[in-house]
Amino acid sequence: MTTSPVENTSLGFRTFPNDPALLSDVLRPYARPKTEYLKSATVDVANGLASAQGEFAIPYSCYIDDTGHLNSVEVNICFNQLMYYLIAKCVQEDVLPAFQAWTMDDYWAKQLPDMLIANFKSNFRRPIDSSSFSGEVSFAEFSHRNRSKPVQIIDMPWRFWDANGGIADGEVRMALVNPPGMRFQADAA
C-alpha cells in the first residue's frame, strides 16, 4: 500500500507523508532489543534526489546507562533507520531513476546484507536530548563502481537536532552491493 503524495508539479516536488505500515516493516530488524527509535518519517523527492525527515525518541539506550544525550552509537542506529525508510519509500513509490530497477522484494532481500556503510563522518556540535529529537538524511550524489562486484555508491549528508538547540551532522557514504539492474562487467583486456 502506498500513501498519497503532496505534489507541486510546477517545481517537480513531491512529499510522501508518514507510512506507518512501511515504517513498521522497515524497523522489523530492530525489534531485538527494542531499538525502534524512528517514530515517523516523511520523504521529499525533487530533481532526481530525495530526503527523509524523521521524528525520534530513545526512551533508554540499548547498550549503556543513560548518558543524558544522543551519542554516536545511537546516531548510527538512527541514521540507518531513516536511511532504510528513505530507500524503501523511493523503491515503493518508484520515484527515483537510481532505484528504477528495484522491486520491494529486492529491497527486503538487500536491506541488511547488501546496504553497507563505507564511511561515516560525524560532528557533534551541541548535545541533543535523546528523548525527543528530529533528523534528516538526503541523497546528495549517486555513482557506480563495477570492479569485482557491481556497487551503487550514495553520498548522504545527515543532521539531527532537538528543540533546545542541540545539533549534530555529518555525511555517510553508502555502498549498495549488487543492486538490481546493474551487472558485473569484466574489464576488457
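This one's a predicted model, so the numbers in the text were calculated from it and none came from an experiment. Residues: numbered from 1 along the sequence shown. Because only heavy atoms are used, hydrogens play no part in the values below, and waters and symmetry mates are left out as well, while side chains stay in.
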Pair F133, I58 - check side-chain contact (heavy atoms from CB on, under 4.5 Å), show working. CA-CA 9 Å; F133 62 101; I58 302 175; 4.0 Å; yes
Looking at every non-hydrogen atom in both residues, tell me the closest pair between D162 and S132 and how far apart they are. CB-O, 3.8 Å
With rounding to the nearest 0.5 angstrom, report the CD1 to CE distance, I154 to M115. 8.0 Å
Derivation of the salt bridge (charged side-chain N to carboxylate O under 4.0 Å, His left out) call for E171 and R173: CA-CA 7 Å; E171 185 170 321; R173 175 162 282 180; 5.7 Å; no
Where at least one partner belongs to residues 135-146, residue pairs that pass salt bridge (Lys or Arg N to Asp or Glu O under 4.0 Å), sequence neighbours excluded: E136-R159
Smallest separation among heavy atoms of I128 and I167, with atom names: CG1-N, 3.5 Å
Connected via hydrophobic side-chain network under 4.5 Å: F56 and V73: yes
Give a yes or no on whether M156 and V177 share a hydrophobic cluster (residues Ile, Leu, Val, Met, Phe, Trp, Tyr; joining criterion: side-chain heavy atoms under 4.5 Å apart). no
Contacts satisfying salt bridge (Lys or Arg N to Asp or Glu O under 4.0 Å) that involve residues 108-119 (not counting sequence neighbours) are K110-D114
Between A175 and V151, the two heavy atoms sitting closest are CB-CG1, 3.8 Å
List for me each residue that meets side-chain hydrogen bond (donor to acceptor under 3.5 Å, both in side chains) alongside D129, sequence neighbours excluded, and say none if there are none. S131
Who are the side-chain hydrogen bond (donor to acceptor under 3.5 Å, both in side chains) partners of T42, not counting sequence neighbours? Q53
Please round to the nearest 0.5 Å and tell me the distance separating atom CG of L23 and atom NZ of K39. 9.0 Å
Of all residues at least two apart in sequence or in a different chain, which pass the ring-ring contact (aromatic ring centres under 6.0 Å, His included) check with W102? F99
Starting from W108, can I reach Y84 by hopping between I/L/V/M/F/W/Y residues whose side chains sit under 4.5 Å apart? yes
Under the side-chain hydrogen bond (donor to acceptor under 3.5 Å, both in side chains) test, residues paired with T35 that sit two or more places apart: none
